[in-house]
Amino acid sequence: MAFQILINIAIAFIWMLLRDEANVLEFGIGYVVGLFILYFLRRFLKFRFYFARVIALVKLILLFIYKLIEANIDVIRIILRPKLNIEPGIIAVPTRLETEWEVTLLSTLISLTPGTLSMYFSPDAKTIYVHAIHVPDKDKAIDEIQNSFEKAILEVTK
Amino acid sequence: MIEVIVSIFILIGAALSALGSFGIMRFPDVYGRLHAATKSATLGVISIMIGVFLYFLVVQGDFVGKFLLTILFVFLTAPVAGFMISKSAYNVGVKMWDRSTQDDLAEDMKKYRKNRESNS
(Lines give C-alpha, C1' and ligand atoms only; values in the text may rest on other atoms or scores of the structure.)
Protein backbone atom coordinates (compact mmCIF):
# COMPACT_ATOMS: atom_id res chain seq x y z
CA MET A 1 0.00 0.00 0.00
CA ALA A 2 2.71 2.49 1.00
CA PHE A 3 4.66 1.38 -2.05
CA GLN A 4 1.78 2.29 -4.36
CA ILE A 5 1.54 5.77 -2.87
CA LEU A 6 5.29 6.22 -3.35
CA ILE A 7 5.01 5.25 -7.01
CA ASN A 8 2.11 7.64 -7.40
CA ILE A 9 4.08 10.53 -5.88
CA ALA A 10 7.05 9.67 -8.07
CA ILE A 11 4.87 9.77 -11.20
CA ALA A 12 3.48 13.14 -10.13
CA PHE A 13 7.00 14.46 -9.61
CA ILE A 14 8.17 13.21 -13.00
CA TRP A 15 5.10 14.80 -14.62
CA MET A 16 5.94 18.11 -12.94
CA LEU A 17 9.53 17.99 -14.23
CA LEU A 18 8.42 17.04 -17.75
CA ARG A 19 6.11 20.03 -17.84
CA ASP A 20 8.93 22.33 -16.72
CA GLU A 21 6.75 23.93 -14.09
CA ALA A 22 7.20 23.56 -10.34
CA ASN A 23 3.87 24.32 -8.75
CA VAL A 24 1.17 22.56 -6.80
CA LEU A 25 -1.29 22.51 -9.70
CA GLU A 26 1.01 20.53 -12.00
CA PHE A 27 1.81 18.20 -9.13
CA GLY A 28 -1.91 17.63 -8.61
CA ILE A 29 -2.48 16.90 -12.31
CA GLY A 30 0.48 14.53 -12.25
CA TYR A 31 -0.98 12.79 -9.21
CA VAL A 32 -4.28 12.23 -11.02
CA VAL A 33 -2.42 10.91 -14.08
CA GLY A 34 -0.51 8.58 -11.76
CA LEU A 35 -3.79 7.35 -10.30
CA PHE A 36 -5.02 6.45 -13.78
CA ILE A 37 -1.77 4.64 -14.60
CA LEU A 38 -1.97 2.65 -11.37
CA TYR A 39 -5.62 1.90 -12.01
CA PHE A 40 -4.96 0.43 -15.44
CA LEU A 41 -1.98 -1.53 -14.15
CA ARG A 42 -3.82 -2.86 -11.10
CA ARG A 43 -3.68 -6.45 -12.37
CA PHE A 44 0.08 -6.45 -11.83
CA LEU A 45 -0.02 -5.02 -8.34
CA LYS A 46 0.44 -7.37 -5.43
CA PHE A 47 -2.05 -5.53 -3.22
CA ARG A 48 -5.47 -4.04 -3.75
CA PHE A 49 -5.50 -0.74 -5.65
CA TYR A 50 -5.04 1.68 -2.77
CA PHE A 51 -7.46 4.31 -4.01
CA ALA A 52 -10.35 1.87 -3.49
CA ARG A 53 -9.60 2.26 0.21
CA VAL A 54 -9.73 6.02 -0.01
CA ILE A 55 -13.15 5.78 -1.66
CA ALA A 56 -14.29 3.40 1.10
CA LEU A 57 -13.05 5.91 3.67
CA VAL A 58 -15.02 8.72 2.06
CA LYS A 59 -18.10 6.47 2.08
CA LEU A 60 -17.55 5.78 5.78
CA ILE A 61 -17.34 9.51 6.53
CA LEU A 62 -20.55 10.23 4.58
CA LEU A 63 -22.38 7.40 6.35
CA PHE A 64 -21.13 8.80 9.63
CA ILE A 65 -22.35 12.36 8.96
CA TYR A 66 -25.75 11.01 7.93
CA LYS A 67 -25.99 8.92 11.11
CA LEU A 68 -24.84 11.84 13.27
CA ILE A 69 -27.69 14.05 12.07
CA GLU A 70 -30.15 11.19 12.48
CA ALA A 71 -28.87 10.65 16.04
CA ASN A 72 -29.48 14.26 16.96
CA ILE A 73 -33.01 14.28 15.62
CA ASP A 74 -33.67 11.07 17.58
CA VAL A 75 -32.35 12.42 20.87
CA ILE A 76 -34.14 15.76 20.46
CA ARG A 77 -37.41 13.98 19.75
CA ILE A 78 -37.05 12.04 23.00
CA ILE A 79 -36.13 15.18 24.95
CA LEU A 80 -39.06 17.20 23.67
CA ARG A 81 -41.67 14.51 24.26
CA PRO A 82 -43.70 15.37 27.35
CA LYS A 83 -43.50 11.82 28.71
CA LEU A 84 -40.25 9.90 28.81
CA ASN A 85 -41.41 6.78 27.04
CA ILE A 86 -38.09 4.95 26.76
CA GLU A 87 -36.64 1.57 27.69
CA PRO A 88 -32.90 2.00 28.23
CA GLY A 89 -30.59 -0.96 28.64
CA ILE A 90 -27.06 -2.26 28.19
CA ILE A 91 -26.50 -4.66 25.32
CA ALA A 92 -23.41 -6.67 24.45
CA VAL A 93 -22.35 -6.25 20.83
CA PRO A 94 -19.85 -8.84 19.53
CA THR A 95 -17.48 -7.53 16.89
CA ARG A 96 -15.42 -9.13 14.12
CA LEU A 97 -12.84 -6.35 14.06
CA GLU A 98 -9.35 -7.38 15.10
CA THR A 99 -6.86 -4.59 15.61
CA GLU A 100 -7.22 -2.19 18.50
CA TRP A 101 -7.63 0.95 16.47
CA GLU A 102 -10.47 -0.56 14.45
CA VAL A 103 -12.36 -1.34 17.65
CA THR A 104 -11.62 2.17 18.94
CA LEU A 105 -12.98 3.67 15.74
CA LEU A 106 -16.11 1.51 15.94
CA SER A 107 -16.78 2.48 19.55
CA THR A 108 -16.30 6.16 18.71
CA LEU A 109 -18.78 5.89 15.87
CA ILE A 110 -21.24 4.03 18.11
CA SER A 111 -21.04 6.82 20.67
CA LEU A 112 -21.96 9.45 18.13
CA THR A 113 -24.90 7.65 16.51
CA PRO A 114 -28.59 7.10 17.22
CA GLY A 115 -29.32 6.36 20.85
CA THR A 116 -26.21 4.34 21.60
CA LEU A 117 -23.19 5.00 23.79
CA SER A 118 -20.28 2.60 24.07
CA MET A 119 -19.39 2.17 27.73
CA TYR A 120 -17.27 -0.91 28.33
CA PHE A 121 -15.02 -3.40 26.57
CA SER A 122 -14.50 -7.02 27.41
CA PRO A 123 -10.84 -7.71 28.30
CA ASP A 124 -10.16 -9.40 24.95
CA ALA A 125 -11.75 -6.45 23.08
CA LYS A 126 -14.12 -8.74 21.19
CA THR A 127 -17.28 -7.38 22.76
CA ILE A 128 -18.39 -3.80 23.15
CA TYR A 129 -20.98 -3.05 25.81
CA VAL A 130 -23.34 -0.41 24.53
CA HIS A 131 -25.83 1.60 26.52
CA ALA A 132 -28.86 2.20 24.31
CA ILE A 133 -31.51 4.74 25.12
CA HIS A 134 -34.35 2.76 23.60
CA VAL A 135 -34.10 -1.00 23.01
CA PRO A 136 -37.44 -2.58 22.21
CA ASP A 137 -35.63 -5.20 20.14
CA LYS A 138 -32.13 -6.21 21.17
CA ASP A 139 -31.21 -8.32 18.13
CA LYS A 140 -32.27 -5.60 15.76
CA ALA A 141 -30.03 -3.05 17.48
CA ILE A 142 -27.02 -5.39 17.35
CA ASP A 143 -27.75 -6.14 13.70
CA GLU A 144 -27.87 -2.48 12.81
CA ILE A 145 -24.44 -1.76 14.28
CA GLN A 146 -22.88 -4.80 12.64
CA ASN A 147 -24.36 -4.14 9.21
CA SER A 148 -23.67 -0.43 8.93
CA PHE A 149 -20.48 0.61 10.67
CA GLU A 150 -18.63 -2.63 11.09
CA LYS A 151 -19.08 -3.40 7.41
CA ALA A 152 -17.91 0.06 6.37
CA ILE A 153 -14.82 -0.15 8.61
CA LEU A 154 -13.96 -3.59 7.23
CA GLU A 155 -14.15 -2.14 3.71
CA VAL A 156 -11.49 0.42 4.62
CA THR A 157 -9.05 -1.74 6.53
CA LYS A 158 -9.14 -5.24 5.06
CA MET B 1 -27.23 35.54 0.88
CA ILE B 2 -24.15 34.16 2.61
CA GLU B 3 -25.18 35.88 5.81
CA VAL B 4 -28.48 33.99 5.78
CA ILE B 5 -26.65 30.66 5.43
CA VAL B 6 -24.22 31.58 8.21
CA SER B 7 -27.08 32.62 10.49
CA ILE B 8 -28.91 29.37 9.83
CA PHE B 9 -25.84 27.35 10.81
CA ILE B 10 -25.28 29.36 13.98
CA LEU B 11 -28.94 29.28 14.98
CA ILE B 12 -29.10 25.51 14.48
CA GLY B 13 -25.95 25.16 16.58
CA ALA B 14 -27.33 27.32 19.37
CA ALA B 15 -30.65 25.46 19.35
CA LEU B 16 -28.93 22.08 19.50
CA SER B 17 -26.74 23.17 22.40
CA ALA B 18 -29.78 24.51 24.27
CA LEU B 19 -31.75 21.31 23.65
CA GLY B 20 -28.73 19.27 24.72
CA SER B 21 -28.54 21.01 28.07
CA PHE B 22 -32.30 20.66 28.43
CA GLY B 23 -31.85 16.94 27.83
CA ILE B 24 -29.21 16.73 30.56
CA MET B 25 -31.89 17.85 33.01
CA ARG B 26 -34.66 15.65 31.65
CA PHE B 27 -33.05 12.24 31.42
CA PRO B 28 -33.42 10.10 34.51
CA ASP B 29 -29.94 8.61 35.04
CA VAL B 30 -26.24 9.22 34.35
CA TYR B 31 -26.19 7.13 31.21
CA GLY B 32 -29.18 8.85 29.64
CA ARG B 33 -27.73 12.23 30.43
CA LEU B 34 -24.51 11.31 28.71
CA HIS B 35 -26.49 10.61 25.56
CA ALA B 36 -27.75 14.16 25.53
CA ALA B 37 -24.34 15.57 26.42
CA THR B 38 -22.29 13.69 23.81
CA LYS B 39 -24.64 13.95 20.84
CA SER B 40 -26.45 17.26 20.77
CA ALA B 41 -23.48 19.23 22.06
CA THR B 42 -21.17 17.72 19.43
CA LEU B 43 -23.36 18.60 16.47
CA GLY B 44 -24.15 21.98 18.03
CA VAL B 45 -20.49 22.96 18.32
CA ILE B 46 -19.74 21.64 14.84
CA SER B 47 -22.61 23.60 13.36
CA ILE B 48 -21.51 26.85 15.01
CA MET B 49 -17.92 26.26 13.88
CA ILE B 50 -19.01 25.70 10.27
CA GLY B 51 -21.00 28.93 10.42
CA VAL B 52 -18.03 30.90 11.76
CA PHE B 53 -15.69 29.28 9.24
CA LEU B 54 -17.97 30.24 6.34
CA TYR B 55 -18.27 33.77 7.64
CA PHE B 56 -14.51 34.28 7.75
CA LEU B 57 -14.00 32.53 4.43
CA VAL B 58 -16.60 34.36 2.35
CA VAL B 59 -17.21 37.68 4.08
CA GLN B 60 -13.70 38.41 5.36
CA GLY B 61 -11.82 36.38 2.78
CA ASP B 62 -9.66 34.55 5.33
CA PHE B 63 -9.15 30.82 5.37
CA VAL B 64 -9.01 29.97 9.08
CA GLY B 65 -8.05 26.33 9.41
CA LYS B 66 -8.28 26.36 13.19
CA PHE B 67 -12.08 26.17 13.06
CA LEU B 68 -11.90 22.98 11.04
CA LEU B 69 -9.37 21.62 13.52
CA THR B 70 -11.78 22.44 16.34
CA ILE B 71 -14.38 20.22 14.65
CA LEU B 72 -11.86 17.40 14.41
CA PHE B 73 -10.91 17.66 18.08
CA VAL B 74 -14.52 17.78 19.25
CA PHE B 75 -15.09 14.60 17.26
CA LEU B 76 -12.12 12.97 18.93
CA THR B 77 -12.79 14.04 22.51
CA ALA B 78 -16.58 13.86 22.99
CA PRO B 79 -16.93 10.08 22.58
CA VAL B 80 -13.87 9.43 24.74
CA ALA B 81 -15.24 11.62 27.52
CA GLY B 82 -18.63 9.91 27.30
CA PHE B 83 -16.98 6.51 27.36
CA MET B 84 -14.78 7.26 30.39
CA ILE B 85 -17.59 8.85 32.42
CA SER B 86 -20.04 6.00 31.80
CA LYS B 87 -17.38 3.38 32.44
CA SER B 88 -16.32 4.86 35.75
CA ALA B 89 -19.96 5.45 36.72
CA TYR B 90 -20.63 1.76 36.13
CA ASN B 91 -17.50 0.76 38.00
CA VAL B 92 -18.43 2.65 41.15
CA GLY B 93 -21.92 1.18 40.93
CA VAL B 94 -24.19 4.01 39.88
CA LYS B 95 -27.66 2.49 39.50
CA MET B 96 -29.45 2.52 36.18
CA TRP B 97 -32.96 3.88 35.87
CA ASP B 98 -35.49 1.49 37.43
CA ARG B 99 -37.35 1.17 34.13
CA SER B 100 -34.28 -0.09 32.31
CA THR B 101 -35.05 -3.32 30.52
CA GLN B 102 -31.77 -5.18 30.40
CA ASP B 103 -28.19 -5.22 31.59
CA ASP B 104 -25.92 -7.60 29.71
CA LEU B 105 -22.86 -6.20 31.42
CA ALA B 106 -23.83 -7.15 35.00
CA GLU B 107 -23.20 -10.90 34.64
CA ASP B 108 -20.17 -10.60 32.40
CA MET B 109 -18.68 -8.11 34.81
CA LYS B 110 -18.78 -10.67 37.64
CA LYS B 111 -17.02 -13.15 35.36
CA TYR B 112 -14.27 -10.65 34.46
CA ARG B 113 -13.75 -9.71 38.11
CA LYS B 114 -13.43 -13.37 39.07
CA ASN B 115 -10.90 -13.98 36.30
CA ARG B 116 -8.83 -11.03 37.35
CA GLU B 117 -8.77 -12.16 40.98
CA SER B 118 -7.78 -15.72 40.11
CA ASN B 119 -4.99 -14.45 37.87
CA SER B 120 -3.45 -12.12 40.39
Side-chain angles (χ1 to χ4, degrees), chain A residues 61 64-94 103-124 126-139 141-142, chain B residues 12 15-16 18-44 46-47 74-91 96-109 111-113 115-116 119:
Chain A
I61 292 171
F64 169 65
I65 292 172
Y66 169 70
K67 288 275 182 185
L68 181 69
I69 294 170
E70 199 185 306
N72 277 276
I73 295 173
D74 258 24
V75 170
I76 286 169
R77 201 182 284 153
I78 293 173
I79 291 171
L80 290 182
R81 217 176 274 157
K83 262 190 185 168
L84 274 183
N85 204 359
I86 51 175
E87 302 163 4
I90 296 175
I91 49 178
V93 180
V103 180
T104 313
L105 185 62
L106 181 64
S107 72
T108 306
L109 293 182
I110 287 174
S111 281
L112 288 167
T113 51
T116 49
L117 182 79
S118 52
M119 57 174 293
Y120 214 91
F121 295 104
S122 64
D124 60 352
K126 287 284 177 220
T127 311
I128 303 177
Y129 293 93
V130 172
H131 182 270
I133 199 88
H134 188 56
V135 269
D137 188 351
K138 180 177 156 187
D139 292 329
I142 293 177
Chain B
I12 289 177
L16 280 172
L19 285 171
S21 17
F22 192 52
I24 293 178
M25 292 192 302
R26 280 214 63 188
F27 278 112
D29 60 357
V30 186
Y31 311 107
R33 283 175 183 169
L34 278 174
H35 279 278
T38 51
K39 288 185 187 69
S40 310
T42 313
L43 196 61
I46 287 167
S47 185
V74 170
F75 265 139
L76 288 179
T77 49
V80 176
F83 170 72
M84 287 314 289
I85 295 172
S86 58
K87 185 183 174 185
S88 34
Y90 201 91
N91 270 338
M96 287 168 70
W97 195 28
D98 33 336
R99 266 158 65 194
S100 299
T101 46
Q102 54 194 338
D103 188 354
D104 286 354
L105 183 51
E107 284 171 27
D108 291 355
M109 191 82 159
K111 214 162 55 190
Y112 299 148
R113 285 226 170 102
N115 279 346
R116 205 185 301 155
N119 282 342

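All of these numbers come straight from a predicted model, not from anything done at the bench. The figures that follow rest on heavy atoms only: side chains count, while hydrogens, waters and symmetry mates do not. In what follows, chains carry the letters A, B, and so on, assigned in the order in which the sequence lines appear, proteins first and then strands, with residues in each chain numbered from 1.
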So, the part of A/L117 with a heavy atom under 4.5 Å from chain B: the answer is both
Rounded to the nearest 0.5 Å, the CG atom of B/L16 sits from the CD1 atom of A/I76 at a distance of 4.5 Å
OH on B/Y90 to CD1 on A/I90, rounded to 0.5 Å: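 Spacing of CD1 (A/I90) from OH (B/Y90) equals 4.5 Å.
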Closest non-hydrogen atoms of A/Y120 and B/N91, given as atom of the first, atom of the second and distance, are OH-OD1, 3.6 Å
Under 3.5 Å donor-acceptor pairs involving side-chain atoms of residues 80-87 of chain B, not counting sequence neighbours:
residue: B/S86; atom: OG; partner: B/G82; partner atom: O; Å: 3.0
residue: B/S86; atom: OG; partner: B/F83; partner atom: O; Å: 3.1

